[in-house]
Amino acid sequence: MFIPDSFKKMTNPRLTTGALLRYLRENTSEKAILQVAGIKTIDSKTDDSSTAMKRYRLMLSDGKSTFSSCMLGTQMNKLIETNSLKENSIVRIDRVMVNIIDKQNGRVMLMIHELEVVQSDCELIGQPAALPLTDIINNGSSINRIEATENSPVAVPATTNVIRQGSKAISTLDDRNNTKNSNNDNNRFASKSSNALDKERIVEIDTLNPYMNKWTIKARVSNKGQIRNYQNARGPGKLFSCDLVDQSGEIRATAFNADCDKFYPLLEVGGIYYIARASLKPANRQFNTLKSDYEMTWNHDTCIEACNADDGQNIPQVQFNFIPICEIANRPVNNTCDTIGVVKSTSDIQTIVSKASQKEFNKRELLLVDEKASIAVTLWGQQAEEFNGSSNPVLALKGVKIGDFGGRSLSCFNSTLICLEPSDTPRTAELRAWYDAEGKSMDLPDLSKGSDGGNRQASFKTLSQATNDGTGTSDKPDYINVKGICTLIKKESVVYMMCPEERCGKKVIDENNGTYRCEKCNKSYTNFKWAYMVSAEITDNTGSQWINVFHHEAETLLGITAEEFGKHKLNVNISY
DNA sequence: CCCCCCCC
């Protein structure tokens, strides 16, 4: 935004007087203009320095009062680090939540989830004074009012009335009246007596750890797995897992056996729930790439209560941790990841018979591309049957398994979240624009055809080292870097006629009647593509080695495209 | 406490 200097000097944006107290009373919808009266750095409490994240605490001023316990969401750290947000900056608070730590002692925090810097440089406006503690604790505080009513000796059988009387301010309490769950009031009594589900003490998912003894989260179910049976040394069992998300982060939760049966029917994908009293343990990174360092197990103690959807508008639908497709080359096989790309092509449904179970499974294969690389993705069963990629949609995958077929490939679990045109990431628009402009006609390195996209981590070797250490002699491919010169190129077979079908790659047979037969597709085509397969010799100071060079690399080596080379070859053949 | 998604 352009603001003339003269304007900056003459007028200060008017601050929203009284907004801080309104926020603290949970009237958080207003987008107040406030001034940053102070910034403090808070060291992260986590033990693991690799995941430590700097946090900033702001003292905000509304011109009349200041409040100093305002936590800045970490995604806005860069505003401070780039010096855009600094002392005395004027900001607009776009999304804020109240976090009550200890209401009796006025320990309340404002969590700033979204803000915009309206004016970076400014001088302190007015002479604001710290908001008195009594104002925070008393004086119309809806929190206290409800507490007082509930403790009142007057018997009030219908709790819903009590809550309505209280205030609309605590939307979480108000919502309980509106939830569809008929057991809700009963649950609430039970919760109150056992002190299990304390909605006045909501913590954010990213603060959860196994050493906290009492917490409640308010989270959306972003993904829910099927009930699965298993058998191990301890006998049979069953379980289901689901992924929980809030503004701060995401965590996986699992319930076993009786708890599985109890909670499975209560939870819906997209629903928002209060959850308290579950156990936490370190996340198993082979199967869980959610942001939390921990995962949750629901047990007989766990309390779960539905929350009205209207009260969860600021809870995201899902959080993705995308890695670029080329980065999948560096990830261990059998791990899971999140990635996003454009569906460049889609196969028909195919049926395979599982070796283990002798059962038939339907599958569909996609080619997923981003700006640097492509990879094959397999969908199974219902996910395969329902998928339609004909419009080349942007596809996000969360929790997809990394396989090593053809180098690297992806295979969806039942629990993989398959999201078409995800609206909550800027990548969707970026990929769309890139694909429509140039991506659709680009021939990118395919990780499922042994290509590494220039990104695979491989060591440098001399040719004699590679020969002597058995490189390339096992069942699985090895990847090395070699520095040498190209000493010979075999001129006989440089290009071949390739099947025009995307992802096929098979050599076609010229039927000499204008059609070209692909044995793999079992189909004849009226066209084909020229493709490189160059046999060359490379030499370094320790020896020589024949190599095959394909696609991009061959194009780089020879300086023209396979298509151009093929046309020349055709002309030469015809003229002789 | 599971950790499985199948085939080339």
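Only this structure's heavy atoms are used, side chains among them; waters, hydrogens and symmetry mates stay out. Lettering follows sequence order; numbering is per chain, from 1.
Atom CG in A:N223 sits about 15 Å away from atom C1' in B:dC3, given to the nearest Å. The separation between A:R252 atom CZ and B:dC4 atom C1' is 13 Å, rounded to whole Å. Counting to the nearest Å, the P atom of B:dC5 and the CD atom of A:E385 are 19 Å from each other. Taking atom CD of residue A:Q383 and atom P of nucleotide B:dC6, one finds them 12 Å apart after rounding to whole Å. For the pair A:Q286 CD and B:dC5 C1', the interatomic distance rounds to 14 Å; values are reported in whole Å. When rounded to the nearest whole Å, the span between CG of A:L379 and P of B:dC6 equals 11 Å. Between the P atom of B:dC4 and the NZ atom of A:K363 lies a distance of 21 Å, rounded to the nearest Å. Rounded to whole angstrom, the span from the CZ atom of A:R228 across to the P atom of B:dC6 amounts to 14 Å.
Going from atom CG of A:L368 over to atom CG of A:D446 covers 10.5 Å, rounded to the nearest 0.5 Å.
Under 4.0 angstrom from either OP1 or OP2 of B:dC5 there lies no side-chain N or O belonging to A:S354. A close approach under 4.0 Å does occur between a side-chain nitrogen or oxygen of A:N232 and OP1 or OP2 of B:dC2.
For A:K355, the side-chain atoms get nearest to B:dC7 when compared with the rest of B:dC2, B:dC7, B:dC5. Here the nucleotide nearest the side chain of A:I352, chosen from B:dC5, B:dC7, B:dC2, is B:dC7. Listed candidates were B:dC2, B:dC7, B:dC6. Nearest to the side chain of A:F256 is B:dC2.
Residue-level contact check: A:N334 touches neither bases nor backbone, having no heavy atom under 4.0 Å from any strand. Using a 4.0 Å heavy-atom cutoff across all strands shown, A:T351 reaches no nucleic acid atom at all. Counting any heavy atom pair closer than 4.0 Å across all strands shown, A:Q382 reaches no nucleic acid atom. Residue A:R234 is in sugar-phosphate contact alone, with no base atom involved, counting any heavy-atom pair closer than 4.0 Å across all strands shown.
Applying the 3.5 Å distance criterion, the base of B:dC5 shares no donor-acceptor pair with the side chain of A:K401. For A:E360 against B:dC6, no side-chain N or O and base N or O form a donor-acceptor pair under 3.5 Å.
Every residue meeting the side-chain contact (heavy atoms from CB on, under 4.5 Å) condition with A:I489, not counting sequence neighbours, appears here in chain and number order: A:C486, A:V534, A:A536, A:L557, A:L558. Scored by the salt bridge (Lys or Arg N to Asp or Glu O under 4.0 Å) test, A:D261 finds A:K238 as partners (sequence neighbours excluded).
Between A:F528 and A:W530, the ring center distance clears the sub-6.0 Å criterion.
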Walk me through whether A:T207 and A:E204 qualify under side chain to side chain donor-acceptor pair (under 3.5 Å). CA-CA 6 Å; A:T207 68; A:E204 299 195 315; over 6 Å; no

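Both thresholds, 5.5 Å between centres and 30° between ring planes, are met by A:F405 relative to the base of B:dC8, so the two rings are stacked. Look at A:F413 and the base of B:dC5; the rings do not stack under the cut-offs of 5.5 Å between centres and 30° between planes.
Ionic pairing of A:R427 and A:E371 is present here: one or more N-O contacts between side-chain nitrogen and carboxylate oxygen are shorter than 4.0 angstrom.
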